[in-house]
Structure formats: structure tokens, C-alpha cells
Chemist: 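My questions will all concern the structure given below.
Letters A, B, ... mirror the listed sequences (proteins, then strands); counts begin at 1. In this text, all values refer to a predicted model and were calculated from it rather than measured experimentally.
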There are 2 protein chains.
Amino acid sequence: MHMISLLLHMGIFSKTCEYAIRSVFFIAHKTADGGRVGIKEIAKGISSPEPFLAKILQDLSRRGIVQSVKGPNGGFFMDKNTLKRPLADVVEAVDGNNLFTGCGLGLEYCSESNPCPLHHEFKDIRNKIHHMLLTTSIEDFNDDLNLGIISLKK
Amino acid sequence: MHMISLLLHMGIFSKTCEYAIRSVFFIAHKTADGGRVGIKEIAKGISSPEPFLAKILQDLSRRGIVQSVKGPNGGFFMDKNTLKRPLADVVEAVDGNNLFTGCGLGLEYCSESNPCPLHHEFKDIRNKIHHMLLTTSIEDFNDDLNLGIISLKK
DNA sequence: ATAATAAAAGATATAGATGTCTTTTATTAT
DNA sequence: ATAATAAAAGACATCTATATCTTTTATTAT
């Protein structure tokens, strides 16, 4: 009888959010000079389960993070304005703003005027995460992706 | 038919880890001058479900983060050495070291020599989190807890 | 020794996140 | 108009984290 508990995930973001970020990077880089890219190609390009990604992209589409058209030659794309949006918009659309505003110890009462033990330490970190996501735009990695320097596949 | 998805948690730590941190703070502050504290009192003191917390403390006990004795006058406590251990030990015992070492985008290939798009940005944040948890000891908040300045209850 | 106490251990239950499948709707090309 | 394509939508399945309950073991006091 085992004592192994594996801990599969537990990163900063949810799996959904990881897929969301990788997919917007992928769509941005594939459709920067026009055109669309289908769900199959995106799913392959970022090593994600296709139907699950479809759900995520439906949501991002509803929230205006990505654009889409149905039918032949349809697919997902991003307009010029969307390309310039910060990653923070994607994260907030998927995981909410809890990562930027929530208490690190999960305490409801915790606030600036009534802080929990770790409030100030966490504020610093949360601000850093938020700042990083606000200063990184969706299109920031297009060049490196074009050059094949970085990858979005597992 | 609703489109609300609430997003109950999604903080930095798992709920389990939040309870773990709050409980070691509580045990430290209650048993700093000797004595033991029972699971009921701990659970009340940190607003956590008692049986769930019992599981967490069993695990922390096995891993040497807290000490315990059974029977009348039994309960949990922490010895002097344990009180000085960094919070990072608690987090690692519960959530593993993924938070300090894992890829922000969930990519397996990602490493220092073969980084993902956000690798360097994340390294910075991960280091900051790790540093904060390494420089905060379990007993750091005993005084403030004694004075009632801070609380561990929801 | 016995009874009372309190944690440990094991089994079970629930909820939310993750993943899959089928049907519907919109668009395009013929 | 019709057929083909591809996303949207809805229903369903699975898995993990979270939570609960019951039984067992260790300790203490009588």
C-alpha cells in the first residue's frame, strides 16, 4: 500500500489557463499576417487535448480575447488590437483576478487595513506577477516563435 | 442555464497548503511555552473542517513538521527546532516543490537551457516566492498572534 | 487491568477541474 | 439551394482535490 501522492499539477496557473496562454501565443504567431488557424492545428501545436481546448477557445472568443469564424476557411485569429493586449487579460478571463488580489492564506477578512500574517509579503509577489503579465503582450513572442527559438509543445 | 463559473479558489497555494500553513502558525503560537493543542481547538482556531485538517496534520506529523502524542493530554505541538524552520518546508511537504521549480506554462521540456517563452519572467517570480518562504519562519508570527494583532480565522 | 482520551489509519463521499462526445449553427463554395 | 466545413453549444465522463465518517492504536489516569 503506497504513500505516493504524485502532485500532478499545482503550478501558478490552472491547466485551463496554461492551455489558454499557449493557444493565444500560437494563434497570434500563426495569424499575425492575416489568415485563420483551425482548432486541430492549434491543439497539435501546443500539445493540448483538442475538445478541451475547443471549450477554452469558445470562452476566450466570447470574452473577445480571440476572434473566430465558422465554416470553410474558418478558424481562430486575432486582430491587431488584440495582439497588443497584455497577458493579464487572458489570465483574468480564465482564472479570474484572485491571483492578483486574493489572500495567500485563503482568508476572507484579509485586506490592506486588516492584513493576514503574510499579507505584505504576498502583496509584493502578487504585484510582481501582475506587473509581469501586464507588461507582456500576446504578440511579444511572435518573432521567437517564427524563428523556432521557442516552442509551445510539451 | 447559467454562464457563471465562480472560480472558488485558484490562489498561489492549494487549500490543503493554506490550512497547513495556518495550522502550523496556530500550533506554534499555542505551544511555544510547552503544552499541546488538540485538533478540535486547532480546527476552530483556523476555521478549517476538523476531519480534513486531521488528515493534513497526520501528514505533517509523518514528515516531522509537527509533533504529536496520543491519549489524554495529548495533541499536537512543535519543538524548538521545528519552530525555527522556514515556511518553505511546510509548503514543500504539502504542495511539493513544483511552485519553486515547475514551468509556468506547464511545459515539460522547459529548462534553463531550453526555456519556454515565459521562463525567465517566471524564474524571477518563483525565486521571489521561494525567498519569501525561506526567510519566514514558522514562529515569526507568534508575537503578533499573542497580541491578537493578526488572526488565522476566516 | 480498565476506562477515557486523542491521534492514526482506512474507507467512503462530494465537488470542481479536466477531458470527451454528439448535435447544432454559421459560413463558404459549388 | 446543396453540400462541405469548422466553430458553438450542450451533454456526459473521469479524475483529483477536498471533505467526512468509522475503526484502530497509543497514551494517560484511575
Chemist: If only side-chain N and O atoms count, and only distance matters, is there a donor-acceptor pair under 3.5 Å linking N114(B) with S111(B)?
Modeler: no
Chemist: Looking only at side-chain N and O atoms, does S68(A) come under 4.0 Å of OP1 or OP2 in dA6(D)?
Modeler: no
Chemist: Reading nucleotides 21-30 of chain C from the 5' end, what letters show protein touch, with B for base, S for backbone sugar-phosphate only, - for no heavy atom under 4.0 Å?
Modeler: B---BBBBS-
Chemist: Does this structure show an ion pair linking K55(B) with D59(B), if we count only N-O contacts that are shorter than 4.0 Å?
Modeler: no
Chemist: Just to be sure I follow the notation: if a pair is Watson-Crick (purine N1 to pyrimidine N3 plus N6-O4 or O6-N4) or a G-U wobble (N1-O2 and O6-N3), each under 3.5 Å, what dot-bracket string does DNA chain D give, with | for pairs to another strand?
Modeler: ||||||||||||||||||||||||||||||
Chemist: Just the rounded figure in Å: distance from P of dA6(D) to CD of Q58(A).
Modeler: 16 Å
Chemist: Where does the angle between the aromatic ring planes of F25(A) and F141(A) fall among parallel (under 30°), tilted (30 to 60°) and perpendicular (over 60°)?
Modeler: perpendicular
Chemist: Touch check for L57(B), heavy atoms < 4.0 angstrom, all strands: base, sugar-phosphate only, or nothing?
Modeler: nothing
Chemist: Is any side-chain heavy atom of I65(A) less than 4.5 Å from a side-chain heavy atom of R85(A)?
Modeler: yes
Chemist: Are OP1 or OP2 of dA7(D) and a side-chain N or O of S61(A) less than 4.0 angstrom apart?
Modeler: no
Chemist: Hey, is the side chain of S14(B) poking within less than 4.0 Å of OP1 or OP2 on dA17(D), counting only N and O atoms?
Modeler: no
Chemist: Parallel, tilted or perpendicular: which describes the rings of H130(A) and F100(A), with under 30° parallel and over 60° perpendicular?
Modeler: parallel
Chemist: Does a side-chain N or O from T16(B) land closer than 4.0 Å to OP1 or OP2 of dT18(D), or not?
Modeler: yes
Chemist: Under 3.5 Å, is there a donor-acceptor pair linking the side chains of H119(A) and E112(A)?
Modeler: yes
Chemist: Out of K84(B), K80(B), H29(B), which one pairs with E139(B) under the side-chain hydrogen bond (donor to acceptor under 3.5 Å, both in side chains) rule?
Modeler: K84(B)
Chemist: Under 4.0 Å between a side-chain N or O of Y19(A) and OP1 or OP2 of dG19(C)?
Modeler: yes
